[in-house]
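As the structure lists them, so they are numbered: ligands from 1, and atoms in each ligand from 1. These values consider heavy atoms only, across backbone and side chains, with no hydrogens, waters or symmetry-generated copies.
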Amino acid sequence: MKRLGVLLSGRGSNFQAIARNVAQGRIEAEIGVVISNRPEAPGLALARELGLTAVAIPSRGLDRESYDRLLLEELAKHNVDLICLAGYMRLLSATFVRAYPLRILNIHPSLLPAFPGLDAQHQAVSHGVKFSGCTVHFVDEQLDAGPIILQAVVPVLDADTPDTLSARILAEEHRIYSEAVSIVLAGKFRLDGRRIVTS
Ligand code: GRF
């Protein structure tokens, strides 16, 4: 059985959606460990409630390389095959990314490469785009930039605020993140340049 490692910093609703799909057998894997850089993250409490191994590794005072070394040690301890970033609000070092080639996924609440970085839904509303959505992609050494696995599109309505748009996008995030995890775990893709071709 393949093992997932989840990294999160906050609410954890994407983690929750993945955990539900694992529990219901729609994702053929087990969750080996859930790690947060924020001990008070609601997502970490949720992991504990679900009876999963939940570990807080506070990042305060540590430089990126030292912190990521701790993360790598913890993930190795739990024999993690695939890492899912689920609202993990820290950049990963090159050392970390290179340790798990094509084995780290992230979800971002925009149609990348539009609106990378923080507050993507706010960026979309203020830019005035008519459609936005979410992207599941492999993590490389740049922010929100790795090969795209799946995207989903939602309309941006005239009355939208960043909050209403976020809610519409989030429903799609919960759907496509699990789908992408299944594709990757099953090895049903190949990399062609920077295109992910699913099979
Ligand atoms: C989501 O919008 C995700 O796309 C972004 O951070 C948010 C995390 O939400 N990377 P949650 O913690 O999964 O509820």
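Defined by atom type and a distance below 3.5 Å, a donor-acceptor pair is missing between the side-chain atoms of H78 and T53.
Residue G12 has at least one heavy-atom neighbour below 4.0 Å for each of these atoms of ligand 1: 11 (P), 12 (O), 13 (O), 14 (O). Atom numbering of ligand 1 starts at 1 in the shown order; those under 4.0 Å from a heavy atom of P109 are 2 (O), 4 (O), 5 (C).
Using a 4.0 Å cut-off between a side-chain N of Lys or Arg and a carboxylate O of Asp or Glu, K2 and E30 do not qualify as a salt bridge. Residues E73 and K77 are not paired through a salt bridge, judged by the lack of any N-O separation under 4.0 Å between the basic side chain and the carboxylate.
Residues R64 and R90 have side chains in contact (heavy-atom distance under 4.5 Å, counting atoms from C-beta outward).
Annotation: F15 places no N or O atom under 3.5 Å from an N or O atom of ligand 1; distance criterion only. The N/O atoms of S13, backbone and side chain alike, include one that comes under 3.5 Å of an N/O atom in ligand 1.
Distances shorter than 4.0 angstrom occur between a heavy atom of I107 and an atom of ligand 1.
Of all protein heavy atoms, the one lying nearest to atom 9 (O) of ligand 1 is R11 NH2, 3.2 Å. The protein heavy-atom contact nearest to atom 4 (O) of ligand 1 is E173 OE1, 2.7 Å.
Nearest to atom 6 (O) of ligand 1 by heavy-atom distance, out of G43, A86, A120, G87, is G87.
Between atom CG of residue L111 and atom CZ of residue F131 there is a gap of 10.0 Å, rounded to the nearest 0.5 Å.
Remark: aromatic rings of F189 and F138 are close, center separation under 6.0 Å.
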